[in-house]
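Data first, discussion second: the structure below is written as structure tokens.
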Amino acid sequence: MQSDKPIVFSAKRISKDFGAGKSLKTAVKDVSFDIYDEEFISIVGGSGCGKSVLAKIMLGLYQPTRGQFLYRDKPIKNLKDHWNEVQSVFQDPFGCFNQFFTIRSQLEDALNILKDKPSKEEVRRRVDEGLKAVNVAPADIEGKYPFELSGGQMQRMLLARIFALRPKVLIADEATSMVDACVRANILDYLRKLKDELKMTVVFVTHDIGLANYVSDRIFIMHDGKIVNQGTPAEVLDNTNEPHTLRLLDDIPEVHKTEWIKNSHRSKK
Ligand SMILES: Nc1ncnc2c1ncn2[C@@H]1O[C@H](COP(=O)(O)OP(=O)(O)OP(=O)(O)O)[C@@H](O)[C@H]1O
């Protein structure tokens, strides 16, 4: 795909190996793509297909073994600088918050990572704004600890933190997996809203092609380390000769599938 927006991530024939000899495992195989500013990209595939390794390459946690991977035209060298702009939300919100500190103190501390640290008042204001963006009144979490909130509420806290941090790029790895279908769709709505308000680029990593369709500008389908199908949701759906896409489609409930087919074709008109 060509776009007039600047390229955020550019991958040229990248591969990532783990181990050597008999235990050599190539988790990402000769993958190429460009991701543009303000796109919402979903990487979709079954377990072990290489989605998380690809996400970790974007975060600078892994270097590709072969090929060239650039963030805004440059290799990722300084992780602190990289994480100033590229943030992640991982699966387990409880794992991301310490049970022994209040939620507010942790939301505020998260801003310590920023190079130009905002003043105390500004930190408080940004955290309040983050909470309001996910429909939580700041007073409702005052003095509260993570164990006092449900899984769904904690997911919102992760999103509030993202809103307060205002990264340029967000890598969300199955951020919605701990909560039920209704809350998942809700959280994705918030994610989409944050993306639009903050003009973020979002890379969403998921097993669920239905969810990906719901929020994405483009979808990359992965299988066995390769991108086997990619495009807008409508293009991905039209490529019905691609067996791995069909298998992922089979996994989504019939009612969602019908909606998707309707919406995808509507969006093409
Ligand atoms: N640090 C590592 N050392 C060795 N092998 C690894 C490492 N990280 C990932 N792998 C292997 O690479 C392959 C891809 O892993 P990855 O975590 O990207 O899968 P995934 O698509 O995210 O799966 P899931 O949805 O189950 O998390 C797997 O076979 C995994 O075992």
Side-chain angles (χ1 to χ4, degrees), residues 9-33 35 40-69 71 76 79 82-83 86-96 151 154-155 158 169-181 183-185 187-188 191 201-216 218-231 233 236 242-253 256:
F9 291 117
S10 164
K12 289 204 173 43
R13 308 201 61 174
I14 60 166
S15 296
K16 176 67 188 170
D17 294 342
F18 292 105
K22 274 194 181 152
S23 63
L24 175 74
K25 164 88 201 168
T26 304
V28 172
K29 297 177 180 165
D30 202 9
V31 161
S32 299
F33 57 82
I35 294 177
F40 198 122
I41 298 284
S42 289
I43 304 177
V44 190
S47 200
C49 72
K51 306 181 295 293
S52 300
V53 171
L54 198 54
K56 285 178 181 152
I57 290 174
M58 293 181 194
L59 277 167
L61 294 172
Y62 292 142
Q63 295 284 332
T65 316
R66 290 173 294 285
Q68 185 191 55
F69 189 76
Y71 172 67
I76 302 164
L79 285 184
H82 191 56
W83 295 340
V86 182
Q87 283 282 321
S88 63
V89 206
F90 280 99
Q91 305 199 6
D92 173 12
F94 290 101
C96 300
M154 284 307 294
Q155 292 279 3
L158 278 180
V169 182
L170 178 68
I171 313 288
D173 197 340
E174 295 269 28
T176 56
S177 61
M178 278 193 47
V179 289
D180 66 40
V183 180
R184 288 170 93 187
I187 286 171
L188 280 172
L191 204 54
T201 307
V202 177
V203 178
F204 175 50
V205 176
T206 180
H207 291 120
D208 189 332
I209 197 170
L211 273 185
N213 160 67
Y214 179 64
V215 285
S216 312
R218 280 192 300 146
I219 296 175
F220 299 166
I221 306 281
M222 278 192 86
H223 177 74
D224 191 23
K226 300 192 191 93
I227 295 181
V228 292
N229 190 5
Q230 62 171 302
V236 164
E242 206 293 298
H244 308 296
T245 311
L246 285 185
R247 203 160 306 142
L248 291 165
L249 272 170
D250 278 344
D251 288 345
I252 57 175
H256 293 166

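Being a predicted model, the structure only gives us computed values, none of them experimental. In listed order, ligands and their atoms are each counted from 1.
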Residue pair Asp173 / Ser88, side-chain donor-acceptor N/O under 3.5 Å: no

Partners of Tyr71 by ring-ring contact (aromatic ring centres under 6.0 Å, His included), sequence neighbours excluded? Phe9, His82

Give the atoms of ligand 1, by number and element, whose distance to some non-hydrogen atom of Gly48 is under 4.0 Å. 13 (C), 14 (C), 19 (O), 20 (P), 21 (O), 23 (O), 24 (P), 26 (O), 28 (C)

Has Lys51 got a side-chain atom pairing as donor or acceptor with Met222's backbone, closer than 3.5 angstrom? no

Should Arg66 and Asp17 count as an ion pair when the cut-off is N to O under 4.0 Å? yes

Does even one non-hydrogen atom of Cys49 get within less than 4.0 Å of ligand 1? yes

Going by the order shown, which atoms of ligand 1 are within less than 4.0 Å of some heavy atom of Gly46? 21 (O)

Can you check whether Asp208's main-chain N or O pairs, donor with acceptor, with Thr206's side chain at less than 3.5 Å? yes

Atoms in ligand 1 flagged as close to His207, the criterion being non-hydrogen separation under 4.0 Å: 25 (O)

Looking at ligand 1, does any of its N/O atoms fall within less than 3.5 Å of an N/O of Val53? yes

Going by the order shown, which atoms of ligand 1 are within less than 4.0 Å of some heavy atom of Lys25? 13 (C), 29 (O)

Does Ala55 have a non-hydrogen atom less than 4.0 Å from ligand 1? no

By ring-ring contact (aromatic ring centres under 6.0 Å, His included), which residues pair with Phe220, not counting sequence neighbours? Phe33

